[in-house]
2 protein chains.
Amino acid sequence: MATGRTHRPATRSRGIPEATVARLPLYLRALTALSERSVPTVSSEELAAAAGVNSAKLRKDFSYLGSYGTRGVGYDVEYLVYQISRELGLTQDWPVVIVGIGNLGAALAGYGGFASRGFRVAALIDADPAMTGRPVAGIPVQHSDDLEKIIAEDGVSIGVIATPAGVAQQVCDRLVAAGVTSILNFAPTVLSVPDGVDVRKVDLSIELQILAFHEQRKAGEEAGADSARPAAPVPPPAPRATAAPAADGGRKGPDGDVPAVMPA
Amino acid sequence: MATGRTHRPATRSRGIPEATVARLPLYLRALTALSERSVPTVSSEELAAAAGVNSAKLRKDFSYLGSYGTRGVGYDVEYLVYQISRELGLTQDWPVVIVGIGNLGAALAGYGGFASRGFRVAALIDADPAMTGRPVAGIPVQHSDDLEKIIAEDGVSIGVIATPAGVAQQVCDRLVAAGVTSILNFAPTVLSVPDGVDVRKVDLSIELQILAFHEQRKAGEEAGADSARPAAPVPPPAPRATAAPAADGGRKGPDGDVPAVMPA
DNA sequence: ATGTCTTTGTGAACGCGTGCACAAAGATGG
DNA sequence: CCATCTTTGTGCACGCGTTCACAAAGACAT
């Protein structure tokens with residue numbers, strides 16, 4: 001799971017719960033597949049199975065959008081595809097910039113799932129002059145000096161950050177200052193942004209750590225009870241005299257995280 | 001946000017809530033950064049700010065692990081790093097295989113965040129014979145014919161799927177049959193797995209779609225009220241005579257999704 | 001030793017999300 | 001036109017997660 005929204009604590013935007021919004025793309029994908037097989041209608045049961053969710057949940061989700069089903073029959077596939085697309089804002093074109101063209105940035109640039117959903121890679125941006133002009137996935141990389149100009153000219157409102165963690169906040173600041181109001185962050189850092197800007201983050205290592213937790217549980221289910229096998233349990237240490245004030249200069253935050261996503 | 005667990009509906013594993021488990025890696029990252037700056041202790045307030053969460057939430061999260069703080073002082077950084085690492089199972093070595101070495105698979109193979117958290121890339125596997133033997137991120141790619149052998153020999157229990165959507169379920173089945181019990185799925189498909197196997201998925205395009213939803217809302221906040229600007233609202237269509245049975249052959253599911261993550 | 005000050009740990013209230021179960025709606029057949 | 005059958009849409013209850021607010025615990029100064 002890529003996690004967390006940032007601001008907008010629980011403000012269900014106009015009656016559509018966040019949890020529902022997060023599932024709409026799932027339904028859309030399943031519906032698109034059905035559409036390509038020319039299936040005219042689906043029941044909530046079938047569609048729920050295809051999307052991997054509960055059918056009651058799916059019906060309730062759709063009920064937030066309106067009454068688009070027909071009792072005794074199901075949902076019209078094409079119509080539902082359109083309605084969900086419209087609700088998600090995919091009927092319009094969304095120019096996107098990707099900043100940080102390392103391995104990950106390059107993978108994102110070539111990802112087919114974007115274009116097919118109305119997202120258009122407007123520009124690839126990297127700080128390395130050696131990258132400038134080199135085509136990645138058919139798009140020439142531009143230097144980060146031109147970041148503001150690119151965003152302004154193309155009217156970009158969505159930015160993807162695939163830089164090393166150390167520079168992610170700076171990049172974020174520049175994107176926001178230039179007019180970007182939605183950011184997808186792949187750098188392992190907590191970004192701070194002003195109100196009105198949405199941030200979603202994807203941290204690959206976090207997902208693995210969650211899996212490891214469950215894996216460990218499965219392994220230790222019927223084994224050694226609780227005795228610490230590793231060497232040093234380290235008893236609760238004697239606290240130092242003065243608590244470190246940890247004078248953090250403003251909001252620069254914990255940028256210097258260990259590994260960078262990409263050496264860019 | 002990478003989303004969703006699959007099975008184990010809400011079974012809080014041994015008293016630690018899922019939501020808390022999902023945040024532990026976040027705390028660990030912030031603590032590691034502090035540790036590298038040789039900060040001896042942190043208050044819940046400071047650490048919460050660094051991790052981007054509420055301080056009360058953080059304290060409650062830690063309370064599930066035990067009473068590791070000192071009132072009036074805060075938490076000992078090193079000790080907490082150790083405790084969280086142990087809880088997440090990061091004190092042991094986790095061999096991981098990555099299947100599907102396209103752009104994304106290659107990016108994952110070179111991702112520094114894995115090794116530093118106790119994850120070791122045991123093998124890279126791809127179905128393309130042309131890839132076999134070629135080193136990616138210093139690790140030679142092996143052919144998928146040897147998948148079962150590799151998993152058995154290395155005792156791999158965690159698999160990463162970065163293949164095109166069309167083959168993800170087959171790959172998943174082979175991984176599970178070979179003994180893998182945790183899967184991180186990057187392919188845009190719903191994987192079906194037997195009980196006891198954990199699946200987490202990361203869908204890049206879903207994250208963007210969620211951002212687009214909020215972006216659209218922000219844009220249309222004070223504009224045209226509800227009148228559909230796009231061309232075809234498509235009135236609720238006249239339903240066909242017979243509902244399509246959509247005879248789905250078993251659980252193969254909606255594999256043929258539009259774009260593949262990687263042409264591998 | 002006593003008082004003050006800081007910070008943890010948690011009881012309790014609240015809100016969101018989920019899932020059950022069923023009534024209403026419509027299709028279909030006679 | 002009526003009966004039956006399917007499937008939606010939703011009222012309701014329950015449980016998890018979040019947040020507030022505060023008492024208890026310990027550090028520190030005098």
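All chains are named by letter (A, B, ...) in the order of the sequence lines, taking the proteins before the strands, and each is independently numbered beginning at 1.
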(Q) I'd like to check the side chain to side chain donor-acceptor pair (under 3.5 Å) partners of A:S205; sequence neighbours left out, ordered by chain and number. (A) A:Q209
Q. If the sugar-phosphate is the primed atoms plus P, OP1 and OP2 and the base is the rest, what is the B/S/- string for nucleotides 5-12 of chain C, using protein heavy atoms under 4.0 Å?
A. -BBBBBBB
(Q) Under 3.5 Å, is there a donor on one side chain and an acceptor on the other for B:S182 and B:D198? (A) no
Q. Can a side chain N or O of B:N54 be found less than 4.0 Å away from OP1 or OP2 on D:dC20?
A. yes
Q: List in chain and number order the residues that pass salt bridge (charged side-chain N to carboxylate O under 4.0 Å, His left out) with B:E78, two or more places apart in sequence or in another chain; answer none if no residue qualifies.
A: none
Q: Grab the CG-C1' distance between A:L24 and C:dG17 for me, whole Å please.
A: 15 Å
Q.
Can you measure A:I16 atom CD1 to C:dG17 atom P for me and round it to whole angstrom units?
A. 12 Å
Q) B:K57 has an atom NZ; how far is it from atom C1' of C:dC16, in whole Å? A) 13 Å
Q | By side chain to side chain donor-acceptor pair (under 3.5 Å) - contacts of B:S157 (at least two apart) | A | none
Q | Separation of C:dT18 P from A:D61 CG (nearest whole Å) | A | 7 Å
Q. Excluding sequence neighbours, so at least two apart, what forms salt bridge (charged side-chain N to carboxylate O under 4.0 Å, His left out) with B:R59?
A. none
Q | Qualifying ring pair (Phe, Tyr, Trp, His ring centres under 6.0 Å) pairs with a residue from residues 28-60 of chain B, counting only residues at least two apart or across chains | A | none
Q.
From the set D:dG17, C:dT18, D:dT19, return the single nucleotide nearest to any side-chain atom of B:P17.
A. D:dG17
